[in-house]
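Here is the structure we will look at, set down as structure tokens.
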Amino acid sequence: MPTDFLVCYVIVLALFLQDACREVLQRVQEDLRPTLNLAVQPNVAAKSAITQARVQLGSPTLHALFTRLVTRGAWYRQWRLVTLDGTTLATPNSTSNTAAFRHSGSKARPPI
């Protein structure tokens, strides 16, 4: 498997954690078929071939990709840029949680 294909595959593996490795590989092969000029449907590799390809790719390649693409734009002057997605966490209504987290809303509710 070519290195650029493996990098795409590893990234897509992270996006589809609930799917089996072979299913993800098949999905990537189907999506990249026009780009790779594949005339026929390639065989999906066995689990051992997938593992060997990931070991061959190695973490230094993905670390270099991450460093090059992600960390470069993650700073503005001395400040680290981050984003929040609006995720909220539900905590039990208790005195200690009220003191630590407060309540979302217009008025504080007494703990139970």
Side-chain angles (χ1 to χ4, degrees):
M1 291 185 218
T3 303
D4 53 348
F5 178 84
L6 286 174
V7 169
C8 291
Y9 172 61
V10 171
I11 291 170
V12 174
L13 272 175
L15 297 174
F16 294 96
L17 292 172
Q18 72 281 0
D19 293 346
C21 293
R22 290 184 62 162
E23 291 174 21
V24 174
L25 180 61
Q26 186 175 13
R27 184 176 293 164
V28 172
Q29 286 175 330
E30 289 172 2
D31 291 345
L32 291 179
R33 188 179 331 137
T35 306
L36 299 175
N37 296 320
L38 298 175
V40 295
Q41 176 68 27
N43 293 330
V44 176
K47 288 182 181 181
S48 61
I50 295 170
T51 302
Q52 290 171 4
R54 290 173 67 190
V55 169
Q56 177 187 352
L57 177 64
S59 59
T61 304
L62 294 177
H63 184 269
L65 179 67
F66 178 84
T67 302
R68 186 172 177 191
L69 297 177
V70 176
T71 58
R72 178 178 17 167
W75 295 90
Y76 174 72
R77 297 187 182 166
Q78 73 271 20
W79 298 297
R80 175 89 168 149
L81 300 178
V82 296
T83 183
L84 301 176
D85 65 359
T87 299
T88 59
L89 300 174
T91 57
N93 193 12
S94 67
T95 305
S96 60
N97 283 340
T98 300
F101 303 112
R102 301 188 189 172
H103 288 284
S104 62
S106 59
K107 60 182 178 178
R109 291 172 278 176
I112 296 175

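We're numbering straight along the sequence, starting at 1.
Here Gln26 contributes atom CD and Asp31 contributes atom CG; the two are 10.5 Å apart, rounded to the nearest 0.5 Å. If you take CG on Leu13 and CG on Leu6, they are separated by 10.0 Å, rounding to the nearest 0.5 Å.
Side-chain atoms of Asn97 come within 3.5 Å of backbone N or O of Pro92 as a donor-acceptor pair. Remark: side-chain polar atoms of Tyr9 are not paired, donor with acceptor, to backbone N or O of Gln29 under 3.5 angstrom.
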- request: Go through Leu65 and Ile11 one step at a time and tell me if the side-chain contact (heavy atoms from CB on, under 4.5 Å) criterion holds.
  value: CA-CA 11 Å; Leu65 179 67; Ile11 291 170; 4.2 Å; yes
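Cluster membership for Val10 and Val55, using ILVMFWY side-chain heavy atoms within less than 4.5 angstrom, is not shared.
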